[in-house]
Structures are given as C-alpha cells and as structure tokens.
Colleague: 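Following this message is one structure expressed as structure tokens.
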Amino acid sequence: MTEEFILRILISALLGGAIGLEREYRAKEAGFRTHFLVALGSALFMIVSAYGFGDAVYNELHRWDVSRVAAQVVSGIGFIGAGTIIFQKHIVRGLTTAAGLWVTAAIGLTCGGGMYLLAAAATVLVLLCLEAMNYVLHRFGAKNILLTFLAPTSAQVQEVVKQMRRDGIRITSYDLKEHHGQYEVNMELQVMRKSYNDQIVELMDRLDGMVIERIE
C-alpha cells in the first residue's frame, strides 16, 4: 500500500508542476515550485485523511470525522492564494494565479483519493483554459496598466491626455505632481493588450521632452 501512496503523491506533484510550468513561463507570482508543492501537499493530506486514522475510526468508544483534514485544505489554501493577490490603487493582480493554486490543491486531493484519470483531465482543462484564454485576451482583450511619465509642461500633459482619448485609450484616473520644473504623471489606463506598449511609446515620441519612467 505504501507504493500506491507514493505513486499518488508523485502523480499529483507532476500534474501540479505542469500547471506551475505554464505559470512560470508567464512570469506569474507562483510558479513551478509553488504549484508542485501545493499539489503534493494536498495529496499527502488526502492520504492521511483517508488512511491515517484507521485505529481511531474503528474505535468503538470514539467517533472521528477524518474527512476534516481534507476539508481544511480547501479553506487553508486561501491563505496562500491571498498572498499572491496584489491590489495597487484600482488594479487587482494575481487572481488567476490564486485560482490556479486553489484548483491545483483540488487536483492534489483528487490524486490523493486515487482518481488519477479525473485529476489528469482536470489538469488538461486548466492548461487549456490558461493558454486558450491568454491567446484570446492577447488578441482581443483589454488590460489595466499603470503608466508613469515626466513632462516639461502641463500643456504637454494635456496634449497627451487628448491624444490618448483620440487613440481610444481609456484613462481611468491620473495624478499630476510638479518636481523641480517638471511634471510627474501617474496614470491608470485601460488599453488593448495586443500592442499597448508600442502604442504608448509612439504617442510619447510625438512630443518633445516626454520621458516614460514605468509601464506595468
């Protein structure tokens, strides 16, 4: 039976690692190692929950709900998921990574229960979802970004705002500060994912003295 348990955590770790590789490739907050460990740990908890309390279960003097160990994985994974979510001003990042960790934990529990085919199918669906949606969103979807740039005059800042609106870039909000004769502008923008970097750089090149400090 020990060999079967080792096989379960091995398969779980490999499936979780497959999702982690995709996240690593996309340079996300949680990568291969995190997903690998979450899946392996979840499978181990499932095995302990199902088989680690055999003596307690058959004790006529006590009744134990051993499924609580597995149930705590479902709620406990939220702590890790919450740690990958970043809220910066009005932009939230890391939700997909957090959801990926959550479903990776579910895949680990599934492997721990010995349902290999179901776990493998879930892994394939997760990877298809991540890659397919990444392709679709990259071509057709919008994205919220933070842009910081320096301008010599306030008139040029107004010109940038007008040109962005003409180009179809939605300005969610912006903050203007003056430092030593220059204006620092922090903008929250909603842009098309496909070529927003080139679009913003071309816009700045049209005006003299504009310096981009950050795009993220």
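Just so you know, these numbers use all the heavy atoms, side chains as well, and skip hydrogens, waters and symmetry mates.
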Colleague: Minimum heavy-atom separation for G16 to T104, with atom names?
Modeller: CA-CG2, 3.9 Å

Colleague: Supply the atom-to-atom distance H35 NE2 to T97 OG1, rounded to the nearest 0.5 angstrom.
Modeller: 6.5 Å

Colleague: Identify every side-chain donor-acceptor pair in residues 116-126 under 3.5 Å, counting partners at least two apart or on other chains, and give the distances.
Modeller:
residue : atom : partner : partner atom : Å
Y116    : OH   : E4      : OE2          : 2.5
T123    : OG1  : A119    : O            : 2.9

Colleague: Do you reckon L15 sits in the same ILVMFWY cluster as L37, going by side-chain contacts under 4.5 Å, direct or chained?
Modeller: no

Colleague: Which atom pair, heavy atoms only, marks the closest approach of L40 to A13?
Modeller: CD1-CB, 3.9 Å

Colleague: Under a 4.5 Å side-chain heavy-atom rule over Ile, Leu, Val, Met, Phe, Trp and Tyr, are L130 and I107 clustered together?
Modeller: yes

Colleague: Give the minimum heavy-atom separation between A43 and R8, together with the two atoms involved.
Modeller: CB-O, 4.4 Å

Colleague: Could you state whether F36 and L10 fall into the same hydrophobic cluster, counting links through intermediate Ile, Leu, Val, Met, Phe, Trp or Tyr residues with side-chain heavy atoms under 4.5 angstrom apart?
Modeller: no

Colleague: Do you reckon I6 sits in the same ILVMFWY cluster as L44, going by side-chain contacts under 4.5 Å, direct or chained?
Modeller: no

Colleague: Report, as yes or no, whether the 6.0 Å neighbourhood of atom CZ on F149 holds more than 12 heavy atoms from other residues, nucleotides or ligands.
Modeller: yes

Colleague: Can you tell me how far the CG atom of L127 sits from the CD atom of E131, to the nearest 0.5 Å?
Modeller: 7.5 Å

Colleague: With side chain to side chain contact (heavy atoms under 4.5 Å, CB included) as the test, pick out the partner of I77 among L109, V103, V38.
Modeller: V38

Colleague: Hydrophobic clustering (ILVMFWY, side-chain heavy atoms < 4.5 Å, transitive) - are F5 and M115 grouped together?
Modeller: no

Colleague: What is the minimum heavy-atom distance between M46 and G113, and which atoms define it?
Modeller: CG-N, 3.6 Å

Colleague: Can you measure from CG (L101) to CD1 (I19) and round to the nearest 0.5 angstrom?
Modeller: 9.5 Å

Colleague: How long is the straight-line distance from CG of L146 back to CD of E188, given to the nearest 0.5 Å?
Modeller: 5.5 Å

